[in-house]
J.: 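Pasting a structure here, questions to come.
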Protein chains: 2
Amino acid sequence: MTPPLHLSLAGQAVDALRELVLTGEIPAGTRVNEVELAARLGISRGPLREAIRHLASEGLLVLVPHRGAHVPEAGPADVKALFELRTALECAAAELAASRRTDADVARLHAVCAESRRTYQAGERFPYRLDLAFHRALLEAARSPYITEQVHLVQQRVVLLRSGLQDHPPHQRASLDDHDALVSAVAAADPSRASDVMRRHLARVCAQMLTSLA
Amino acid sequence: MTPPLHLSLAGQAVDALRELVLTGEIPAGTRVNEVELAARLGISRGPLREAIRHLASEGLLVLVPHRGAHVPEAGPADVKALFELRTALECAAAELAASRRTDADVARLHAVCAESRRTYQAGERFPYRLDLAFHRALLEAARSPYITEQVHLVQQRVVLLRSGLQDHPPHQRASLDDHDALVSAVAAADPSRASDVMRRHLARVCAQMLTSLA
DNA sequence: AAACTGCCAACTGTCGACAGTCAACAACGC
DNA sequence: GCGTTGTTGACTGTCGACAGTTGGCAGTTT
């Protein structure tokens, strides 16, 4: 059928399902039917079940015994709790990045910031993609694999919460400034300042998400 | 067979496998045979596979395509990286606990510390169980569900690394003092001091594990 | 009319069997 | 004797079918 495919069906199913969830194609609260979805993806229920369980372990799905899986519906309390976790992880990452960063790391961070600002001034709005790229560049500089892994998982859940939300330009402007301040603290090898800036940045983003949610 | 069991076979398999891994009954590096283990647990391969994937998502197993799962072998670099994650999470938890704790929380923490000290002075060594209980009591006071969840997962991985290691009494003595200092900071509602104490505590524990490992 | 009880359809949980892949072993050539 | 290649065995990946449970619907009772 598919001879030179280097990924198992379960692996493909994970990617496909993740896409369906993150794009909001499967709305929050909707129950996922195994047989139906398996047919839609062209695979059997076995691999699909593994994919469902995997995404559940990432927090993108919620399992209910004998009642299947559904995309979680998040309230303000969830957003706050999730950002407490994100703050813990990313502040630590910022600290580590400030103490471990190489010149190449700083250059990369500057490049991402520059591109973000350019895109923002050109199109009145910079894509979320660049925000993710910035945080990932920071993680790279932190060189802490387990923290990096966890931040990626948390960011995914934030993306899930963001689906159906749009950013206001003023908030974007503030984020750009935060990013610049963060790069400056990292470049200056000042861990505690980097942590503080990150904390304020995430507090702002969290507050903005809470108002957009209400 | 087992009529009034309120847990799915996969759920039971998760618990059983977790026990086998954490107790070291399945040594690090050993490959896990699905058919053999399924027979041993008295279930089919389907639920067992789900259990294996679940534990892999918790970091207790490593999956290799077409070659099954095995318990990860951890070196010093892994220990350091894991403790960077643990420090990020538990320092944040200590901060939150210090700012949110109720009198009941403080009482609970005091009780755990007292029992630890009593057991230590009586038997020259206090069980790891009480150390876990202390950190869990602190998490309860922090009231941050996602951080709590992640700390539990990390603690599990630490237990995995600890299997086959024994504590030296002097290190235990230091831990007892750290715990007391932590309770005092939390009781005084001093988040930054709580975070600092936790950081020092975990640095000590990490260093001790690294020396025991070599 | 409202509440309760028994049935029914749909779905999840589980199983056994088949197919594909990888690694070790053996035979062969150099 | 050593490296290479074909073969074989064991194991994982996948599938289709069966069994158990859940929630809803119809029928009945008060």
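None of these values were measured; they are calculated from a predicted model. Residue numbers start from 1 in every chain, and the chains themselves are labelled A, B, ... in the order their sequence lines are given, proteins ahead of strands.
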J.: Measure the distance from CD1 on A:Ile43 to C1' on D:dG16 and round it to the nearest whole Å.
T.: 14 Å
J.: To the nearest Å, how far apart are B:Arg45 CZ and D:dA10 P?
T.: 15 Å
J.: What nucleotide among C:dT12, D:dC15, D:dT12 has an atom nearest to a side-chain atom of A:Pro47?
T.: D:dC15
J.: Is a donor from one side chain sitting under 3.5 angstrom from an acceptor on the other, for B:Gln208 and B:Ser212?
T.: yes
J.: Output the rounded distance in Å from CZ (A:Arg49) to P (C:dC15).
T.: 11 Å
J.: Ignoring backbone atoms, establish whether B:Arg53 has a side-chain N or O less than 4.0 Å from OP1 or OP2 of D:dG13.
T.: yes
J.: Tell me which one of B:Val21, B:Leu160, B:Leu60 satisfies side-chain contact (heavy atoms from CB on, under 4.5 Å) with B:Pro72.
T.: B:Leu160
J.: Considering only heavy atoms from C-beta outward, does the side chain of B:Arg157 approach that of B:Leu153 to under 4.5 Å?
T.: no
J.: With the side chain of A:Asn33 defined as its heavy atoms from C-beta on, choose the nearest nucleotide among C:dG13, C:dC11, D:dT12.
T.: C:dC11
J.: Between B:Glu36 and A:Gly46, name the one whose nearest nucleotide on DNA chain D is closer to the 5' end.
T.: B:Glu36
J.: By nearest atom, which of the nucleotides D:dT12, C:dC15, D:dT21 is closest to the A:His66 side chain?
T.: D:dT21
J.: Calculate the interatomic distance between B:Leu41 atom CG and C:dC15 atom C1'; express it in whole Å.
T.: 15 Å
J.: Using whole Å, report how far CZ of A:Arg31 lies from P of C:dA10.
T.: 13 Å
J.: Rounded to whole Å, please give me the gap between CG in A:Leu63 and C1' in C:dG13.
T.: 13 Å
J.: Report the nucleotide, chosen from C:dC15, D:dT12, D:dG23, that has the shortest atom-to-atom distance to any side-chain atom of A:Arg67.
T.: D:dG23
J.: Separation of A:Ile52 atom CD1 from C:dG13 atom C1', in whole Å?
T.: 13 Å
J.: Can you tell if the side chain of A:Val106 reaches within under 4.5 Å of the side chain of A:Thr102, non-hydrogen atoms only?
T.: no
J.: Describe, in one word, how the ring planes of A:His179 and A:His201 are oriented to each other, choosing from parallel (under 30°), tilted (30 to 60°) and perpendicular (over 60°).
T.: perpendicular
J.: Assign each of A:Ser44 and A:Pro65 to its nearest nucleotide of DNA chain D by heavy atoms, then name whichever residue's nucleotide is nearer the 5' end.
T.: A:Ser44
J.: Between atom CG in A:Leu9 and atom P in C:dT21, what is the gap in whole Å?
T.: 11 Å
J.: At under 4.0 Å between heavy atoms, what does B:Val64 touch on the DNA or RNA strands: base, sugar-phosphate, or nothing?
T.: nothing
